[in-house]
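Reviewing the structure listed below.
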Protein chains: 2
Amino acid sequence: MSADRTYGQYCALAKALDVVGDRWALLIIRELLLRGACRYTDLQTGLPGIATNLLAARLRRLEADGVVRREAAQPPVAITLFHLTERGKELEPVLLLLGAWGAPLMAEPAAGDAFCTHWLSFPVRQFLHDRNPDGPPVTILLAGGGDARNVLTIEAGGGKIHTRIGGAESPDLVLTGAAQLLVGVLAGKLRLSEAKAAGLVVEGDPAALERLLPKG
Amino acid sequence: MSADRTYGQYCALAKALDVVGDRWALLIIRELLLRGACRYTDLQTGLPGIATNLLAARLRRLEADGVVRREAAQPPVAITLFHLTERGKELEPVLLLLGAWGAPLMAEPAAGDAFCTHWLSFPVRQFLHDRNPDGPPVTILLAGGGDARNVLTIEAGGGKIHTRIGGAESPDLVLTGAAQLLVGVLAGKLRLSEAKAAGLVVEGDPAALERLLPKG
DNA sequence: CGGCATCCTCTTTGATACTG
DNA sequence: CAGTATCAAAGAGGATGCCG
């Protein structure tokens with residue numbers, strides 16, 4: 001059935017690509033890294049544009065290759081959860097590095113691109129730092145605008161930064177707006193005032209953000 | 001012309017994959033990293049299995065995306081050289097990491113796989129170390145067996161390891177044999193004596209190899 | 001030769017619809 | 001919720017032809 005098209009090269013890179021080189025494969029792994037355990041439909045919403053048969057096929061393939069694990073819950077709940085295996089989690093540094101390489105490409109306008117705030121988790125954890133470790137913890141919320149559930153929570157405190165998909169109780173700062181505005185602000189390419197003028201909705205204390213941005 | 005099939009996601013990883021996620025793209029970049037400037041036919045021999053029209057299409061695409069540069073020589077020689085741009089060279093850490101992730105997959109037999117000794121350059125430089133920096137430099141030659149030009153030179157000395165595609169004047173050690181035997185020996189999974197029994201041809205001083213392998 | 005372009009067949013993808 | 005079924009369109013793979 002699965003043609004199992006391999007490069008047929010005895011090379012570590014080619015072997016890796018035989019497993020994760022198929023279209024959509026690394027993005028599926030991105031979702032599983034960012035969200036942890038996932039239902040099928042969670043994956044679909046985090047992977048706008050993927051065809052459902054492709055998602056099913058990739059998950060089967062990745063499972064067979066020991067990257068993904070499938071956990072079927074009991075009949076009463078009738079839910080299936082998809083996880084990364086340990087082997088799969090070892091791909092995280094690869095995704096971080098490849099994402100960092102791709103970061104400059106985010107400068108171009110995103111007209112027509114889909115956008116989920118949780119995709120910013122990796123860049124946020126890589127490029128932002130808590131520059132005031134002794135201060136009280138702060139919480140920042142990023143909201144995509146369109147869908148109220150398209151929200152990422154950034155928590156900083158004690159010199160560390162965490163992200164969580166979904167909202168928070170009482171954030172210090174909420175940024176709501178278009179993808180490029182959020183990214184521009186987080187990347188330090190855009191001042192809050194400029195972004196505001198361009199349509200970003202800023203609610204709360206801007207100092208919470210200043211604390212995380214590189215000096216400049 | 002080029003349908004320019006993009007993921008349409010405003011995410012750094014997806015953007016990176018829009019550029020280097022196509023089939024064969026990362027392997028082309030591997031060849032350019034390992035060989036430096038390349039003629040079209042050099043790329044073909046280093047990429048067994050690729051269709052010539054695909055190679056041409058990928059090179060065009062990578063050039064348009066600023067990863068590859070094409071250098072046309074003067075009419076008398078009428079040769080075209082392909083390079084990586086600086087941006088392209090920045091992918092090296094990504095390939096190293098992804099290759100390292102794929103390394104365990106090399107344990108499975110390579111029946112029918114193509115094999116070029118120069119594909120071992122990355123693993124050799126990553127996983128071998130000169131454990132006798134004060135000793136005289138040594139040269140080891142890896143030969144694939146079939147084609148006399150399928151040869152990689154490893155030079156170690158002063159605590160550093162270099163590799164070069166092609167042969168050397170007077171190597172201290174020459175290992176000739178099947179892909180898995182070479183890899184098994186370099187990975188320390190196979191003793192020279194065992195590999196010899198399995199068909200590896202060992203000429204010269206085995207101490208040259210011992211110097212580079214992790215203790216054990 | 002070196003660097004492709006063309007033609008052809010086969011597989012994969014993408015979009016949509018449908019089901020236990 | 002977690003997929004399978006179907007089908008048109010695009011892409012991959014292989015052979016060969018062309019042109020400086």
Side-chain angles (χ1 to χ4, degrees), chain A residues 1-9 14 17-18 20-28 31-32 35 37-64 68-83 112 114, chain B residues 1-9 14 17-18 20-28 31-32 35 37-64 68-83 112 114:
Chain A
M1 211 54 57
S2 76
D4 204 27
R5 186 168 48 176
T6 149
Y7 285 110
Q9 296 185 359
L17 290 172
D18 281 340
V20 299
D22 283 340
R23 191 160 165 79
W24 290 104
L26 282 178
L27 294 184
I28 291 171
E31 285 304 303
L32 290 169
R35 305 174 93 113
C38 270
R39 292 173 303 174
Y40 191 85
T41 40
D42 295 331
L43 287 171
Q44 281 188 306
T45 65
L47 294 164
I50 196 172
T52 172
N53 55 348
L54 253 194
L55 177 55
R58 289 290 179 273
L59 285 170
R60 241 183 289 122
R61 190 72 208 288
L62 290 169
E63 194 184 359
V68 161
R69 188 165 39 89
R70 179 187 312 242
E71 185 185 345
Q74 289 70 11
V77 262
I79 221 175
T80 311
L81 285 182
F82 296 90
H83 300 259
Chain B
M1 228 67 32
S2 74
D4 202 27
R5 187 170 47 172
T6 148
Y7 285 109
Q9 296 185 0
L17 290 172
D18 281 340
V20 298
D22 283 342
R23 194 162 163 75
W24 290 104
L26 282 177
L27 295 183
I28 292 171
E31 285 303 304
L32 290 169
R35 309 174 90 116
C38 269
R39 291 174 304 174
Y40 191 83
T41 41
D42 296 331
L43 287 170
Q44 280 188 306
T45 66
L47 294 163
I50 197 173
T52 171
N53 54 349
L54 252 195
L55 177 55
R58 289 291 180 271
L59 285 171
R60 244 181 288 122
R61 190 71 208 288
L62 290 170
E63 194 185 358
V68 161
R69 188 165 39 88
R70 180 186 310 245
E71 183 186 346
Q74 291 68 11
V77 262
I79 221 176
T80 311
L81 285 182
F82 296 92
H83 301 258

Quiz item: 5'-most contact on DNA chain D: Tyr7(A) or Thr41(A), nearest heavy atom basis?
Solution: Thr41(A)
Quiz prompt | Among dC1(D), dA5(C), dG14(D), the nucleotide that comes nearest once only the side chain of Ala56(B) is considered | solution = dA5(C)
Practice problem: Give the rounded distance in Å between these two atoms: CZ of Phe82(A) and P of dC1(D). | Solution: 13 Å
Quiz item: In terms of side-chain heavy atoms of Leu54(A), which of dG3(C), dG3(D), dG14(C) is nearest?
Solution: dG14(C)
Exercise. Examine dT12(C): is either OP1 or OP2 under 4.0 Å from a nitrogen or oxygen in the side chain of Trp24(A)? Give yes or no.
Key: no
Quiz item: Heavy-atom distance under 4.5 Å between the side chains of Leu43(B) and Leu59(B), does that happen here?
Solution: yes
Practice problem: Measure from the side-chain N and O atoms of Arg58(B) to the backbone N and O of Arg23(B), and report whether any donor-acceptor pair falls under 3.5 Å. | Solution: yes
Quiz item: Which heavy atom in Glu31(B) sits nearest to a heavy atom in Gly46(B), and how many Å separate them?
Solution: OE2-O, 3.2 Å
Quiz prompt | Bending between helix ends of the helix from dC1(C)-dG20(D) to dG20(C)-dC1(D) [5 pairs per end, 10° resolution] | solution = 30°
Quiz item: If you check the Arg5(B) side chain, which of dG14(C), dG14(D), dG2(C) turns out closest?
Solution: dG14(C)
Quiz item: Should Arg60(B) be listed as having a side-chain N or O under 4.0 Å from OP1 or OP2 of dA5(C)?
Solution: yes
Self-check item: For atom CZ of Arg58(B) and atom C1' of dG3(C), their distance in whole Å
Solution: 17 Å
Quiz item: Rounding to a whole Å, what distance do you find between Leu47(B):CG and dG14(D):C1'?
Solution: 16 Å
Self-check item: Any Arg39(A) side-chain nitrogen or oxygen under 4.0 Å from OP1 or OP2 of dG3(D)
Solution: no
Practice problem: Starting from C1' on dG13(D), measure out to CG on Leu55(B) and report it in whole angstrom. | Solution: 13 Å
Practice problem: Kindly say if Arg70(A) contacts the phosphate of dA2(D), meaning a side-chain N or O under 4.0 Å from OP1 or OP2. | Solution: no
Practice problem: Just jot down the side-chain hydrogen bond (donor to acceptor under 3.5 Å, both in side chains) partners of Asp22(A), sequence neighbours excluded, or say none. | Solution: none
Quiz item: In whole Å, what is the span from the OH atom of Tyr40(A) to the C1' atom of dT19(C)?
Solution: 13 Å
Exercise. Mind calculating the distance between CD1 (Ile50(B)) and C1' (dC4(C)) to the nearest angstrom?
Key: 13 Å
Self-check item: Spacing of Arg23(B) atom CZ relative to dG14(D) atom P, expressed in whole Å
Solution: 10 Å
Quiz item: What about Thr52(A), does its side chain sit under 3.5 Å from the base of dG3(D) through a donor-acceptor pair?
Solution: yes
Quiz prompt | Presence of donor-acceptor pair under 3.5 Å, side chain of Asn53(B) and base of dG14(D) | solution = yes
Quiz prompt | Stepwise side-chain contact (heavy atoms from CB on, under 4.5 Å) check, Tyr7(B) with Asp18(B) | solution = CA-CA 7 Å; Tyr7(B) 285 109; Asp18(B) 281 340; 3.2 Å; yes
Quiz item: CG/Leu32(B) to CG/Asp42(B) distance, rounded to the nearest 0.5 angstrom?
Solution: 10.0 Å
Self-check item: Atom pair distance, as rounded to whole Å: CD in Gln44(A) and P in dA15(C)
Solution: 13 Å
Quiz prompt | Sidechain-backbone polar pair: Tyr40(A) side chain, Thr52(A) backbone, donor-acceptor under 3.5 Å | solution = yes
Quiz item: Looking only at heavy atoms, which two atoms of Leu81(B) and Ala37(B) are closest? And how far apart?
Solution: CD1-CB, 4.2 Å
